[in-house]
Amino acid sequence: MTTILETLRPFGITRCYKGFPLTVYAIHLAVMEEDRLEEITEKIYRETADHFGCKWTAVERNLRTVVSRA
């Protein structure tokens with residue numbers, strides 16, 4: 001997790017961003033099991049949403065915001 005945090009910082013993605021924990025967790029899922037990237041909605045967005053108790057669309061929106069910000 002520390003590596004993910006250190007990697008995001010140079011792109012301007014810091015803990016101040018509201019969706020930061022969701023972003024870190026989603027990246028963690030992808031890194032731990034790369035096969036999840038074949039089914040992003042089911043294996044990353046939904047699992048992250050379940051973990052944080054939100055909708056998968058919120059996870060997708062947050063990740064899109066991070067990408068556009070970076």
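Basis for what follows: all heavy atoms, side chains included, without hydrogens, waters or symmetry-related copies.
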Hey, what do you get for OG1 (Thr65) to CD1 (Ile13), rounding to the nearest 0.5 Å?
9.0 Å
Which atom of Tyr17 lies closest to which atom of Val66, heavy atoms considered
CE2-CG2, 3.3 Å
Nearest 0.5 angstrom please: Ile27 CD1 to Thr48 OG1, how far?
10.0 Å
On a heavy-atom basis, the closest approach of Ala26 and Leu63 is CB-CD1, 4.0 Å
d(Arg36 CZ, Glu47 CD) to nearest 0.5 Å is 4.5 Å
Identify, with sequence neighbours excluded, every residue that meets ring pair (Phe, Tyr, Trp, His ring centres under 6.0 Å) alongside Phe52.
Tyr25
Side-chain touch Phe20/Leu5, heavy atoms, less than 4.5 angstrom
yes
Identify the two heavy atoms, one from Leu29 and one from Lys43, that lie closest to each other, and give their separation to 0.1 Å.
CD1-O, 4.1 Å
One should read off an interatomic distance between Arg64 CZ and Arg61 CZ, to the nearest 0.5 angstrom, of 11.5 Å
Paired with Leu8, the side-chain contact (heavy atoms from CB on, under 4.5 Å) test is passed by just one of Thr3, Thr14, Thr23, namely Thr23
Residues forming a salt bridge (charged side-chain N to carboxylate O under 4.0 Å, His left out) with Arg15, sequence neighbours excluded:
none
Can you give me the closest heavy-atom contact between Ala30 and Leu37, atom names plus distance?
CB-CD2, 3.9 Å
Which residues pass the side chain to side chain contact (heavy atoms under 4.5 Å, CB included) test with His28, sequence neighbours left out?
Met1, Ile4, Met32
